[in-house]
Amino acid sequence: MASACIPAAPTQPALLSGPAVFKTIPYAFILPEILCGTWVWILVAATSVSLPLLQGWVMYVSLSSCLISLLLLISYIFGFHKNSENWKVLDSLYHGATAILYLSAAVLQANATITSESSPRSPLYYQLNSAASFFAFVTTFLYILHAFSIYYQ
């Protein structure tokens, strides 16, 4: 009678905490997301807001996601997750939803940039709006990468 070997169930990789968070791929995107998102709201705040409704949405999305991502990063660094699997689901859902919101904000900021090009105001506002649009699309891409890398991990 041969003993049957039951294969061990694949174990999920442990969630890291402390400085090791910056060395793993899905979580290493959090700091660039925060930095690029901060540039978005600083650049939009530095412009003369020509379309308050559109650029207000850009400010709301960039500022709130920057703060929530900062809280998420702090919770990972200090290990508040206690290696719970629910944190991966929360992280994936948050970054997926934020990627969609940031994409809408990036498109609205690009619209504001195009509108400010034909404005008789200073060309500095056009350059600031262009930079804000660029960083908004970069931040969107970072959130998408983070969401998919967590999902496929």
Side-chain angles (χ1 to χ4, degrees), residues 7-117 125-153:
T11 59
Q12 294 288 337
L15 292 173
L16 301 175
S17 59
V21 170
F22 298 111
K23 296 177 184 176
T24 59
I25 273 300
Y27 308 109
F29 291 127
I30 295 177
L31 194 58
E33 290 164 2
I34 292 170
L35 293 176
C36 289
T38 302
W39 273 112
V40 171
W41 65 266
I42 287 173
L43 290 168
V44 171
T47 64
S48 173
V49 178
S50 57
L51 302 166
L53 187 60
L54 301 182
Q55 288 182 305
W57 175 250
V58 174
M59 287 291 289
Y60 171 74
V61 169
S62 60
L63 189 59
S64 63
S65 23
C66 179
L67 292 175
I68 294 172
S69 293
L70 184 63
L71 290 174
L72 193 61
L73 178 64
I74 289 170
S75 66
Y76 277 127
I77 288 174
F78 290 119
F80 295 142
H81 52 75
K82 296 187 173 120
N83 216 10
S84 172
E85 193 64 29
N86 294 334
W87 278 85
K88 284 187 179 182
V89 174
L90 172 77
D91 195 3
S92 180
L93 289 175
Y94 165 70
H95 281 89
T98 306
I100 293 169
L101 294 175
Y102 237 111
L103 182 61
S104 70
V107 169
L108 291 176
Q109 180 58 36
N111 183 19
T113 302
I114 293 168
T115 305
S116 70
E117 182 181 20
Y125 294 138
Y126 174 71
Q127 293 169 353
L128 289 173
N129 280 325
S130 297
S133 296
F134 172 76
F135 280 110
F137 280 108
V138 167
T139 308
T140 302
F141 183 66
L142 287 170
Y143 276 105
I144 290 171
L145 281 177
H146 189 122
F148 278 120
S149 64
I150 278 283
Y151 180 72
Y152 286 116
Q153 186 181 26

Exercise for review: Look only at the side chain of Ser69 and the backbone of Ile30, and say whether a donor-acceptor pair between them is shorter than 3.5 Å.
Suggested key: no
Check your understanding: Is the backbone of His95 close enough, under 3.5 Å, to the side chain of Thr98 for a donor and an acceptor to pair up by distance?
Key -> no
**Study point:** Which atom of Ile144 lies closest to which atom of Ala99, heavy atoms considered
**Key:** CG1-CB, 3.6 Å
Review point. Do Ser116 and Thr47 touch side chain to side chain, with heavy atoms closer than 4.5 Å?
Key: no
Point to revise | Asp91 side chain to Trp87 backbone, donor-acceptor under 3.5 Å | key: no
Check your understanding: Is a side-chain donor or acceptor of Ser92 paired with a backbone partner of Val89 at a separation under 3.5 angstrom?
Key -> no
Study note, to complete from the structure: Shortest non-hydrogen pair, Ala132 vs Val44, comes out as CB-CG2, 3.8 Å
Review point. Atom CD1 of Ile34 and atom CZ of Phe29: how far apart are they, to the nearest 0.5 Å?
Key: 14.0 Å
Review point. Leu71 versus Leu67: any side-chain heavy-atom pair under 4.5 Å?
Key: no
Study note, to complete from the structure: Ser65 and Tyr143 have their tightest heavy-atom pair at O-OH, 3.5 Å
Study note, to complete from the structure: Met59 and Trp41 have their tightest heavy-atom pair at SD-O, 3.5 Å
Point to revise | Straight-line distance of Ser130 OG to Gln109 CD, nearest 0.5 Å | key: 9.0 Å
